[in-house]
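Note that this is a predicted model, so its numbers are computed, not measured. Throughout, protein chains are lettered first and strands after them, A, B, ... in sequence-line order, and every chain is numbered starting at 1.
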2 protein chains.
Amino acid sequence: MLPSEAVLSSVYEVSRITVRKALEVLREEGHVDSRQGFGWLVVSPPLRQRLGRFSTIEEQLAEMGVHPRRKVLDSEVCESSAEIAQVLGQKEILRVRRVNLADELPFARVTVWIPSSLAKHFSLSDYEESSFYDLLTDRKLLKKPLSKAMQTISAIAISEEDAKLFSVPVGSPALRCLRTTFDSAGDPVLFSEYVFPGHLTEFVIELAGEVTSIAPSGLRLVD
Amino acid sequence: MLPSEAVLSSVYEVSRITVRKALEVLREEGHVDSRQGFGWLVVSPPLRQRLGRFSTIEEQLAEMGVHPRRKVLDSEVCESSAEIAQVLGQKEILRVRRVNLADELPFARVTVWIPSSLAKHFSLSDYEESSFYDLLTDRKLLKKPLSKAMQTISAIAISEEDAKLFSVPVGSPALRCLRTTFDSAGDPVLFSEYVFPGHLTEFVIELAGEVTSIAPSGLRLVD
DNA sequence: TATAATACAAGTATAAGACAGGTCGGCCCT
DNA sequence: AGGGCCGACCTGTCTTATACTTGTATTATA
């Protein structure tokens, strides 16, 4: 519990208004909360966790005691398609397709495209053992750290190949996430596609700051 | 913040007029700005603009010159289901179901739940003419501004009713967004469900700050 | 013509106080 | 020993006063 507003006001020699403004800023940030007639208290850790950044899927699996595994489907160095070339600005790229499993249950099919100049440092077993993030950072292959990303999430009907993989009917709903990851200089470093079966997964997005609409943010119409 | 005009005037031994002229030149150049009764402050770098929030779907439609319209499907005050009661902490709630159209093409079916205490201020035509955000804020029905939201995005197969609405086959993929909106005190104010046909829509999410994984952030497994 | 000096209007943040309503603990009465 | 009441203390909210700010106008001066 915090001292009362009156105490804080006299200790720090500011008015109660000022004390309240400060406390309300802290409340906005989720650090403290108040109850009328009782007082101010620091928010218990569980709430902060709820309001904090969302953990990655790997951390979630680890918490659940589930063993994650990756399986490489295929990998090739090839000329980049028009779309990829435009995003990454590279002519020759490495494309790796993997499946992510949780306790041997496939929950994602992933395709990653990276400039082929980075590919020569990796082997097939690297792709199974490590995430690309770890591969790129641990081996210090990047001049600048990864720092921004843009992802689009859409709903698609699952393809025949993926249907077999996830053991669901062809055409079932799936989440598809296309992601471009940038380094701190703003240059795109890698492009990736994730396909998740709809019955297994969902995205959670927390929006802080001022809300100017109750409609889902980030939505856009595609043509 | 800059020192006040009076301070600058005495420190540099020039008149307030001269100080103001200098500051106004700087304002023209976009380096500083002022607020009456408050003072002068240096303008934050345009970085904020680049990382700015994504526009709402309404703003996008307006930019595209598309005319948005809402149609109310039904509206009733009823006892809240267990799920809604847990989220909103209300026994009696108003449920409004609407369709959003862009140039008469339906692109979203929306259900909004709000405490019935707020419902008495609204009429059916209000729901067609305004967004709930505008209704709640314009009429000053909220003690605290809306400030936080949590939304989960999942892929579902489209229901029979929605299939008719969107003129797509039953079972087509759709994006479903469940959203809880909170006021600045952290209290939940409204709960909403959005269903978007998959072929029309996608979510765009920009992630700033340090990236610690290249996997889609915000993803979680559902049970 | 530009600057200085001055005055005033309007806006902002804080100080100080009062009051309503909620919470809690202790005291009294049964 | 137990239930109910009361008072001290707390937050939530309002009003009023004050000091300081920018915005604007006027007049004097080099």
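Under the rule for a ring-ring contact (aromatic ring centres under 6.0 Å, His included), the partners of B/F191 that lie at least two apart in sequence or sit in another chain are B/W113. Every residue two or more places apart in sequence or in another chain that forms a side chain to side chain contact (heavy atoms under 4.5 Å, CB included) with B/L73 is listed here: B/R97, B/V99, B/R109. Residues forming a side chain to side chain donor-acceptor pair (under 3.5 Å) with A/E193 (at least two apart in sequence, or on another chain): A/R176. Residues that satisfy the side chain to side chain contact (heavy atoms under 4.5 Å, CB included) test with B/E5, not counting sequence neighbours, are B/R16, B/V19, B/R20, B/L23, B/W40. For the side chain to side chain donor-acceptor pair (under 3.5 Å) test, no residue two or more places apart in sequence or in another chain qualifies with A/E13. With sequence neighbours excluded, the residues forming a side chain to side chain contact (heavy atoms under 4.5 Å, CB included) with B/E129 are B/S125, listed by chain and number. Scored by the salt bridge (Lys or Arg N to Asp or Glu O under 4.0 Å) test, B/R95 finds B/D74, B/E76 as partners (sequence neighbours excluded). Scored by the side chain to side chain contact (heavy atoms under 4.5 Å, CB included) test, B/R35 finds B/F38 as partners (sequence neighbours excluded). Scanning for side chain to side chain donor-acceptor pair (under 3.5 Å) contacts around B/T18 gives B/S15, with sequence neighbours left out.
With a cutoff of under 4.0 Å to any heavy atom of chain B, the contacted region of DNA chain C is bounded 5' to 3' by C/dT3 to C/dA13.
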Just the table, please: protein N/O against nucleotides 21-24 of chain D N/O, every pair under 3.5 Å.
| unit_1 | atom_1 | unit_2 | atom_2 | d |
| --- | --- | --- | --- | --- |
| D/dT21 | OP1 | B/S4 | OG | 3.3 |
| D/dT21 | O2 | B/G37 | N | 3.4 |
| D/dT22 | OP1 | B/E5 | N | 3.3 |
| D/dT22 | OP2 | B/E5 | N | 2.9 |
| D/dT22 | O4' | B/G37 | N | 3.4 |
| D/dG23 | OP1 | B/S34 | OG | 2.6 |
| D/dG23 | OP2 | B/R20 | NH1 | 2.9 |
| D/dG23 | OP2 | B/R20 | NH2 | 3.2 |
| D/dG23 | OP2 | B/S34 | OG | 3.4 |
| D/dG23 | N7 | B/R16 | NH2 | 2.6 |
| D/dG23 | O6 | B/R16 | NH1 | 3.1 |

Shorter than 3.5 Å, N or O on both sides, protein versus nucleotides 15-17 of chain D: list them out with atom names.
none

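When rounded to the nearest whole Å, the span between CG of B/L8 and C1' of D/dC20 equals 14 Å.
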Under the side chain to side chain contact (heavy atoms under 4.5 Å, CB included) criterion, do B/F166 and B/F107 qualify, and how do the steps go? CA-CA 7 Å; B/F166 297 126; B/F107 72 91; 5.6 Å; no

